Amino acid sequence: MVPGMLLSNVPGYFKSRRDSLMKAQPGAAFIFAASPEYLRNPDVHFPFRQESNFYYLTGFEEPEAFVVMVPTGSQGRGSYKTVMFVRKRDPEKEMWEGERYGTEGAMKIFGADEAYLHEEFDRKLPELIRASEKIYYRVGMDESTDRRVLAALETHRRSMGRSGKALSPILDPNEVIGEMRLFKSPEEAETLRKACQITARAHTIAMKEVRPGMNESEIEALIDYELRRGGCQRVGYGSIVAGGKNAACLHYRHNNEVLRDGDLLLVDAGGEHNYYTSDITRTFPVGRKFTAGQAKAYDLVLKSQLEAIALAKPGATMPAIHQKATEVLIDGMLSLGLLKGKASAVFKTLEYKRFYPHGTGHWLGMDVHDVGLYMKNGEPRTLEAGMCFTIEPGFYVQPGDREVAAEFRNIGIRIEDDILITANGHDILTRDVVKTRDDIENLRAH
Ligand code: GLY
Ligand code: MN
Ligand code: MN
């Protein structure tokens with residue numbers, strides 16, 4: 001959905017999602033605010049991206065908006081209405097910034113039952129929530145929005161006079177909506193697949209084009225270009241383009257050093273296509289071939305990743321996948337002489353964290369670290385069809401670590417793919433970008 005080009009309708013699934021949410025929580029009111037606009041410097045804002053839950057429930061991409069869903073007892077339990085608060089149409093502003101939908105568009109195109117101007121939110125909210133048994137609103141995202149919602153709640157409280165009644169409880173919607181977003185519908189899975197295909201292609205091009213002497217920033221720019229060209233609107237998170245020792249910095253964001261022959265390059269980048277993001281990491285030589293030490297470490301990470309991926313199917317758990325990836329890495333660390341002792345002791349004492357300090361994966365969707373509970377009733381939840389997550393083991397030697405053999409220094413390796421659980425197993429959405437050493441060296445030979 002491209003801002004600047006008004007839509008004449010939105011797919012029916014936005015309303016279906018509101019229906020499901022309200023059906024699951026009869027009697028509850030939900031209040032979601034659009035992302036705030038942040039000033040970068042006078043007259044210039046940071047690029048706007050709609051808040052994920054807001055988009056998930058409406059498809060509406062303007063700032064200065066609220067969507068409120070409230071029960072309407074009159075049509076039976078579970079019936080509700082959608083009320084949107086949006087910016088005013090304004091020919092002068094629209095000349096500068098592009099067209100707006102206004103209240104009419106909110107109803108006609110986005111299916112709101114009622115729509116008002118954003119400024120009317122404070123006055124309208126108290127009466128809208130009057131009949132709600134509980135109110136879902138996420139506090140703490142933006143102070144000025146919190147103030148407006150809390151003031152409206154206070155007005156509502158006063159309207160109850162001396163009835164002795166308390167305000168309805170205010171709850172964080174994160175879990176109820178997280179539970180919905182965790183399971184990708186066929187349309188969502190297709191959008192994710194597309195984000196992954198575009199991203200895989202961008203990684204493949206970066207893997208082909210890198211040359212010693214280039215700057216990390218050139219590779220970041222190349223990936224940005226290929227993502228946008230392929231149909232992504234933006235990246236889902238800041239790309240990590242880290243040569244040599246920089247790859248040992250897990251969230252390296254400077255991306256501004258010259259790439260040297262003999263080093264590896266770690267690229268962790270994911271394009272966001274229609275609000276769903278991919279998250280791919282590949283690690284490959286800046287020159288043509290892996291050195292002997294790099295090859296040993298790379299093959300170990302790949303083995304760990306492949307064995308972990310093999311477990312991904314309904315009934316498995318994320319901790320079991322992490323454990324498998326970690327066990328393979330520990331065996332390798334021991335056989336390469338990087339650690340000493342028994343594998344079980346290394347696992348227990350967490351000694352392996354010296355080379356593998358992070359987890360093996362996370363839910364993936366509209367947010368790179370997507371919503372959804374990892375535990376249920378105190379147990380790791382089992383994987384089910386429609387869940388999507390990453391598998392991303394790694395191996396990193398910190399620049400200050402002088403105890404490892406010279407052949408393993410300056411190394412940071414991660415291999416990350418995006419996995420969709422299917423009825424019988426899994427689908428690797430990012431399969432289009434190669435990862436065996438042979439395939440990578442073949443690509444680098446051109
Ligand atoms: N790119 C962030 C992550 O891999 O979790
Ligand atoms: Mn990731
Ligand atoms: Mn990543």
Side-chain angles (χ1 to χ4, degrees), residues 49 52 178 181-182 184 192-193 195-204 206-207 216 219-220 222-224 226-227 232-243 246-255 264-273 275-284 298 301-302 304-306 308-309 311-312 318-319 321-322 324-326 329 353 355-372 374 383 387-396 411-421 426-435:
R49 191 255 191 201
S52 294
R181 281 176 47 194
L182 179 58
K184 274 63 184 177
L192 262 170
R193 187 185 305 280
C196 289
Q197 286 167 344
I198 300 167
T199 303
R201 188 168 178 278
H203 274 262
T204 305
M207 207 184 267
E216 291 165 345
I219 297 298
E220 180 177 15
L222 179 64
I223 286 177
D224 269 346
E226 291 298 340
L227 291 176
C232 289
Q233 290 80 21
R234 55 186 83 82
V235 286
Y237 54 90
S239 305
I240 298 169
V241 181
N246 294 340
C249 172
L250 299 174
H251 284 166
Y252 178 71
R253 285 289 297 121
H254 296 301
N255 300 351
L264 291 177
L265 173 61
L266 180 153
V267 176
D268 182 348
E272 183 183 288
H273 171 67
Y275 281 82
Y276 289 79
T277 189
S278 176
D279 181 8
I280 300 182
T281 308
R282 288 293 184 267
T283 311
F284 45 92
Y298 187 87
V301 177
L302 184 58
S304 158
Q305 203 224 17
L306 294 175
I309 291 176
L311 293 185
M318 294 291 268
I321 289 173
H322 176 59
K324 170 57 81 180
T326 308
L329 288 171
K353 283 185 179 262
F355 301 113
Y356 182 42
H358 60 74
T360 301
H362 50 81
W363 306 135
L364 182 73
M366 300 185 79
D367 300 334
V368 62
H369 295 159
D370 208 28
V371 288
Y374 286 86
L383 298 175
M387 291 177 170
C388 185
F389 56 92
T390 65
I391 297 190
E392 49 178 307
F395 171 83
Y396 315 87
I411 288 182
I413 295 167
R414 179 162 62 257
I415 307 173
E416 175 173 30
D417 281 299
D418 303 341
I419 311 292
L420 177 70
I421 295 293
H426 65 256
D427 192 356
I428 305 175
L429 302 180
T430 45
R431 65 172 75 254
D432 294 350
V433 51
V434 299
K435 60 184 175 184

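Order of listing sets the numbers, starting from 1, for every ligand and every atom in it. All values reported here derive from a predicted model rather than from experimental measurement.
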If you measure only the distance, is there a donor-acceptor pair under 3.5 Å linking the side chains of Tyr252 and Asp268? no

Closer than 2.8 Å to the Mn ion (ligand 2), do we get an N, O or S atom from Asp279, backbone or side chain? yes

Asp418 and Asp279 have their tightest heavy-atom pair at OD1-O, 2.7 Å

Counting only heavy atoms from other residues, nucleotides and ligands, does the tally under 6.0 Å from CZ of Arg201 exceed 12? no

Need the ligand 1 atom indices (1-based, order shown) with element for anything under 4.0 Å from a heavy-atom of His362. 3 (C), 4 (O), 5 (O)

So, is Glu392 placed with an N/O/S atom under 2.8 Å from the Mn ion (ligand 3), counting both backbone and side chain? no

Specify the closest pair of heavy atoms between Asp367 and Ser52, including all atoms of both residues, with the distance to one decimal. OD1-OG, 2.6 Å

Please confirm whether His369 comes within less than 3.5 Å of ligand 1 when only nitrogen or oxygen atoms on both sides are compared. yes

His369 backbone or side-chain N/O/S under 2.8 Å from the Mn ion (ligand 2): no

Which N, O or S atom name in Glu416 marks its closest approach to the Mn ion (ligand 2)? OE2

Should Tyr298 and Lys435 be marked as a side-chain contact (heavy atoms from CB on, under 4.5 Å) after you check the CA-CA gap, both sets of side-chain angles, and the distance that decides it? CA-CA 10 Å; Tyr298 187 87; Lys435 60 184 175 184; 3.8 Å; yes

Can you confirm whether Asp417 sits close enough to Ile391 that some side-chain heavy atom of one is under 4.5 Å from a side-chain heavy atom of the other? no

Ligand 1 contacted by Arg414 (non-hydrogen, < 4.0 Å): no

Does the ring centre of His358 sit less than 6.0 Å away from the ring centre of Tyr396? yes

Nearest neighbour of atom 3 (C) of ligand 1 from the list Asp279, Leu250, Thr277, on a heavy-atom basis: Asp279

Which atoms from ligand 1 have a heavy atom of Glu416 less than 4.0 Å away? 4 (O)

